[in-house]
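Read the structure below first, then the notes.
In this text, all values refer to a predicted model and were calculated from it rather than measured experimentally. Per chain, numbering begins at 1; letters A, B, ... match sequence-line order.
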Amino acid sequence: MTVRTRISPSPTGYFHVGGGRTALYNWFLARQSGGAFILRIEDTDQERHNEEAVDGIRRAMRWLGLDWDEEYRQSERAPVYAAAVDRLVGAGVVYNCECTRDDVAARKPPGAPPGYDRFCRDRGLDPAPGRALRFKVPLPGSTTVQDLIHGDVVVDHDNIEDFVVARADGSALFLLANTVDDLDAHVTHVVRGDDHLPNTPKYQLLWDALGGADLPVFAHLPMIVNEKRQKLSKRRDTDKVVMEDYIAEGYLPAAMRNYLALLGWAPGENREIVTLEEMVAQFALADVNSSPAFFDVKKLRSFNGDYIRALSVEEFVAASEPFLAAGPWPPDRFSAETFRAIAPEVQTRVEVLSQVPAMVDFLFLANPPVDDAAWAKVMNADSAAPMLDGVAERYAACTWDADTLHAETLAAGEKIGLKLGKAQAPVRVAVTGRTVGPPLFESLVVLGRDRTLERIDAARARLS
RNA sequence: GGUCCCAUCGUCUAGAGGCCUAGGACACCACCCUCUCAAGGUGGCGACACGGGUUCGAAUCCCGUUGGGACUGCCA
């Protein structure tokens with residue numbers, strides 16, 4: 001039996017990191033077995049879905065490096081669902097219901113549990129406008145979900161309401177469309193968030209009613225949660241949930257993939273940074289945890305830093321390009337060659353690519369802004385002035401390489417009783433505008449003698 | 001409220017009854033390296049929710065308690 005897995009996002013907003021992990025696991029399963037991975041856009045709710053989101057899903061999936069073999073849109077499959085509804089009607093497992101939410105609530109004593117009270121179950125209502133179709137949950141009975149992650153979950157039918165299968169206008173609801181699609185597409189593994197676990201008995205009931213043979217294998221993934229241990233949601237956690245935001249911030253797909261894969265699964269042998277190939281080879285649903293995992297952006301950043309440092313300089317330069325293109329300098333002042341010269345120093349100093357421009361802006365801005373706090377901290381007239389005077393004189397005449405600049409700066413500092421650590425600070429602020437940044441002497445080499453001297457003069461003038 | 005799920009350092013996890021004095025990673029702290037900041041190196045802090053069983057032996061199995069979460073739409 002060939003493995004067939006699917007990811008079935010609903011295009012109501014941008015692609016979610018939780019969806020990313022679900023997609024990743026499904027993709028692992030398909031790729032490790034030569035099976036198929038299906039993208040199914042669940043847009044049966046015409047009201048809420050939006051087309052831009054569909055593109056966003058595809059973009060995010062491609063960015064993650066997840067390719068799919070088949071793609072479906074539920075909105076294009078209405079006739080298939082209509083046929084399924086007919087089969088259910090024919091089998092006598094559904095009934096028409098005219099109750100509104102308010103009707104049901106009015107019938108119940110205050111404080112009673114919500115859920116449909118099966119009022120219309122035996123009324124034998126004919127189809128008519130305003131009447132939805134409900135599934136007649138077999139009573140008595142119980143359904144067992146055999147879940148690879150949670151084990152056997154048994155639910156008594158008394159606790160399953162007669163859920164709506166088709167709207168009054170005849171259109172299919174999530175549960176029906178979802179089940180029919182899995183049946184039609186011969187999906188073998190349903191791997192999704194465990195927020196769907198309570199739906200699964202209904203899914204199984206429908207599967208049987210539709211004449212499905214072997215059920216798919218189920219694996220309900222633990223939720224990815226926020227610091228309050230609530231499931232990550234677009235509304236509550238907008239700042240950390242949207243995949244596109246991470247793309248924009250300069251995370252590497254490989255780092256995101258690796259981090260996501262580790263949320264609920266571990267490759268073993270105390271290893272964390274693992275290649276895609278290793279993950280595909282070693283991933284197993286049986287090894288997935290059952291408890292929720294906090295989405296820790298700090299750890300993600302750390303992973304990203306690791307991945308950035310593992311890049312070759314050429315790869316780093318290429319990955320930085322879009323962020324450089326959006327830098328705060330006029331485009332004509334940017335030089336790829338200059339960036340390439342300092343790139344190895346930048347590479348060990350950023351955790352996300354969006355930090356790159358600020359590391360090198362002093363090279364491409366005519367007048368880099370001077371940070372006020374930095375200026376206040378190191379530009380005290382007593383030592384800064386003589387220091388700047390000293391290096392100005394020495395830099396004007398010396399050989400322009402890092403070793404010489406290092407020696408000259410050291411000497412200028414010693415002359416006024418400063419160690420290099422203290423001595424370099426005013427020079428750094430004068431030239432780069434900041435107290436921190438890439439190594440000073442390498443930076444000066446790349447900047448060039450003329451501009452270095454100009455900036456030292458300007459700072460010196462401002463000092464007096 | 002009802003149903004269901006979950007419970008190892010702050011966080012992600014290793015752990016399938018003796019290998020556990022509970023391992024790794026992120027974060028944090030200290031030190032080393034060092035022109036700043038990083039990176040790198042070394043070390044440190046830090047957990048089996050609680051109570052009962054079962055067993056010669058339990059983080060691991062069972063029951064209960066407590067605590068968290070999901071679901072509870074003619075949304076998906």
(message) Quick check for you: to the nearest 0.5 Å, what is the distance between Ser142(A) atom OG and His157(A) atom NE2?
(response) 6.0 Å

(request) Calculate the interatomic distance between Ile149(A) atom CD1 and A70(B) atom P; express it in whole Å. (result) 18 Å

(message) Counting the atoms with a prime plus P, OP1 and OP2 as sugar-phosphate, which does Arg236(A) contact under 4.0 Å by heavy atoms, base, sugar-phosphate, or nothing?
(response) sugar-phosphate

(message) Among C35(B), A76(B), C37(B), which nucleotide has an atom closest to any side-chain atom of Leu420(A)?
(response) C35(B)

(message) Does the structure show a Watson-Crick or G-U wobble partner for U55(B), both distances under 3.5 Å? Name it, or say none.
(response) none

(message) Rounding to an integer number of Å, can you tell me how far Glu272(A) CD sits from A27(B) P?
(response) 11 Å

(message) When the C1' atoms of A7(B) and U21(B) are compared, how many Å lie between them, rounded to an integer?
(response) 24 Å

(request) Measure from the side chain of Asn289(A), starting at C-beta and using heavy atoms only, and say which of A76(B), U13(B), A70(B) lies closest. (result) U13(B)

(message) Taking Asp126(A) first and then Arg131(A), would you say they form a salt bridge - that is, a charged N and a carboxylate O separated by under 4.0 Å?
(response) no

(request) Please state the P separation for the pair G10(B) and G52(B) - nearest whole angstrom. (result) 24 Å

(message) If you only use heavy atoms from C-beta on, which nucleotide in C5(B), A76(B), A14(B) is closest to the side chain of Val153(A)?
(response) C5(B)

(request) Take Met359(A) and Ala168(A), find for each the nucleotide of RNA chain B with the closest heavy atom, and name the residue whose nucleotide sits nearer the 5' end. (result) Met359(A)

(request) Using a heavy-atom cut-off of under 4.0 Å over every strand shown, decide if Arg134(A) touches base, sugar-phosphate, or nothing. (result) sugar-phosphate

(message) For G40(B) and Thr348(A) - does any side-chain N or O of the residue sit under 4.0 Å from the phosphate oxygens OP1/OP2?
(response) no

(request) Just call it for Pro292(A): base, sugar-phosphate, or nothing, with non-hydrogen atoms closer than 4.0 Å on any strand. (result) sugar-phosphate

(request) Output the single nucleotide from C74(B), A76(B), U72(B) whose closest atom is nearest the side chain of Glu42(A). (result) A76(B)

(message) Could you identify the nucleotide paired to U66(B), looking across every strand shown and requiring Watson-Crick or G-U wobble geometry with both distances under 3.5 Å?
(response) A7(B)

(message) Taking any heavy-atom pair under 4.0 Å as a contact, classify Gly170(A): base, sugar-phosphate, or nothing.
(response) nothing

(message) By the 4.0 Å heavy-atom rule, please label Leu440(A) as base, sugar-phosphate, or nothing.
(response) base

(message) Would you say Arg229(A) places a side-chain N or O within less than 4.0 Å of OP1 or OP2 belonging to C12(B)?
(response) yes

(request) Please check the phosphate of A70(B) (OP1 and OP2 only) for any side-chain N or O of Asn199(A) closer than 4.0 Å. (result) no

(message) Is there a side-chain contact between His150(A) and the phosphate of C5(B), meaning an N or O under 4.0 Å from OP1 or OP2?
(response) no

(request) Please tell me which of the listed nucleotides, C12(B), C74(B), C26(B), lies nearest to the side chain of Arg167(A)? (result) C74(B)

(request) Please work out if Pro438(A) contacts a base, only the sugar-phosphate, or nothing of the nucleic acid, heavy-atom cut-off 4.0 Å. (result) base

(request) With the side chain of Lys299(A) defined as its heavy atoms from C-beta on, choose the nearest nucleotide among C74(B), C12(B), A38(B). (result) C12(B)

(request) Name the closest nucleotide to the Pro439(A) side chain, picking from U36(B), C6(B), A14(B). (result) U36(B)

(message) So Gly193(A), base contact, sugar-phosphate only, or nothing? Heavy-atom distance under 4.0 Å.
(response) nothing

(request) Looking at every strand, decide which applies to His196(A) at a 4.0 Å heavy-atom threshold: base, sugar-phosphate, or nothing. (result) base

(request) Determine the Euclidean distance between corresponding C1' atoms of C71(B) and C20(B); express it in Å to zero decimal places. (result) 38 Å

(message) Check the phosphate of G40(B) against Arg309(A), side-chain N and O only, distance under 4.0 Å to OP1 or OP2. Yes or no?
(response) yes

(message) For Asp55(A), is there an ion pair with Arg58(A) - N to carboxylate O distance below 4.0 angstrom?
(response) yes

(message) Side chain of Asp306(A) only, heavy atoms from C-beta on: which candidate in C35(B), A76(B), G40(B) is closest?
(response) G40(B)

(message) Taking the P atom in each of U72(B) and G17(B), what is the distance between them to the nearest angstrom?
(response) 38 Å

(message) Tell me the interatomic distance from Ile273(A), atom CD1, to A14(B), atom P, rounded to whole angstroms.
(response) 16 Å

(request) Return the nearest nucleotide to the side chain of Val436(A); candidates are C35(B), U36(B), C4(B). (result) U36(B)

(message) Please give the distance between the C1' atoms of A14(B) and U66(B) as a whole number of Å.
(response) 27 Å

(request) Would you please indicate yes or no on a ring centroid separation below 6.0 angstrom for Phe174(A) and His196(A)? (result) yes

(message) Give me the distance, rounded to whole Å, that separates A49(B) from G68(B) when you measure between the C1' atoms they each carry.
(response) 11 Å

(request) Using the C1' atoms only, state how far G2(B) lies from C45(B), rounded to an integer number of Å. (result) 44 Å

(request) Provide, to the nearest angstrom, the distance between the CG atom belonging to Leu410(A) and the P atom belonging to U34(B). (result) 13 Å

(message) Categorize Glu442(A) for me: base, sugar-phosphate, or nothing, with a 4.0 angstrom heavy-atom threshold over every strand shown.
(response) base

(request) Whole angstrom is fine here: how far is it from CG in Asp195(A) over to P in G68(B)? (result) 20 Å

(request) Answer yes when Glu351(A) and Arg309(A) have at least one side-chain N-carboxylate O distance shorter than 4.0 Å, and no when they do not. (result) no

(message) In whole Å, measure the gap between the P atoms of U60(B) and G53(B) for me.
(response) 14 Å

(request) Once you apply the 3.5 Å cut-off to both distances, tell me the Watson-Crick or G-U wobble partner of A30(B), or none. (result) U42(B)

(message) Using whole Å, what does the distance between atom C1' of nucleotide C37(B) and atom CD of Glu351(A) come to?
(response) 13 Å

(message) Partner lookup for U21(B), please. Criteria are Watson-Crick or G-U wobble with both distances under 3.5 angstrom; report none if nothing qualifies.
(response) none

(request) Give a yes or no on whether the backbone of Tyr395(A) and the side-chain of Arg449(A) come within a donor-acceptor separation of less than 3.5 Å. (result) yes

(request) Return the 5'-most residue of the pair Leu262(A), Gly151(A) with respect to RNA chain B, ranking by each residue's nearest nucleotide. (result) Gly151(A)

(message) Closest approach to the side chain of Arg349(A), judged atom by atom: which nucleotide of C37(B), U13(B), A27(B) is it?
(response) C37(B)

(message) Looking at Glu98(A) and Arg123(A), is there a salt bridge between them, counting it only when a charged N and a carboxylate O are closer than 4.0 Å?
(response) yes

(request) Evaluate the side-chain contact (heavy atoms from CB on, under 4.5 Å) criterion for residues Arg192(A) and Phe218(A): first the C-alpha distance (whole Å), next the side-chain angles of each, then the deciding distance (0.1 Å), finally the verdict. (result) CA-CA 8 Å; Arg192(A) 68 222 299 197; Phe218(A) 292 100; 4.3 Å; yes

(message) I'd like to know if the side chain of Tyr259(A) pairs up with that of Asp296(A) as donor and acceptor (distance under 3.5 Å, no hydrogens or angles considered).
(response) no

(request) Output yes when at least one side-chain N/O atom of Lys202(A) is less than 4.0 Å from OP1 or OP2 of C71(B), else no. (result) no

(message) Nearest whole Å is fine: how far is C37(B) P from Arg428(A) CZ?
(response) 9 Å

(request) If G2(B) has a Watson-Crick or G-U wobble mate with both distances under 3.5 Å, name it; if not, just say none. (result) C71(B)

(message) Taking the basic N atoms (NZ, or NE/NH1/NH2) and the acidic carboxylate oxygens, is any pair closer than 4.0 Å for Arg77(A) and Asp184(A)?
(response) yes

(message) How many whole angstroms separate atom CZ of Phe294(A) from atom P of G68(B)?
(response) 18 Å

(request) Please work out if Ser291(A) contacts a base, only the sugar-phosphate, or nothing of the nucleic acid, heavy-atom cut-off 4.0 Å. (result) sugar-phosphate

(request) Look at Arg301(A) and C26(B) and indicate whether a side-chain polar atom (N or O) is within less than 4.0 Å of OP1 or OP2. (result) no

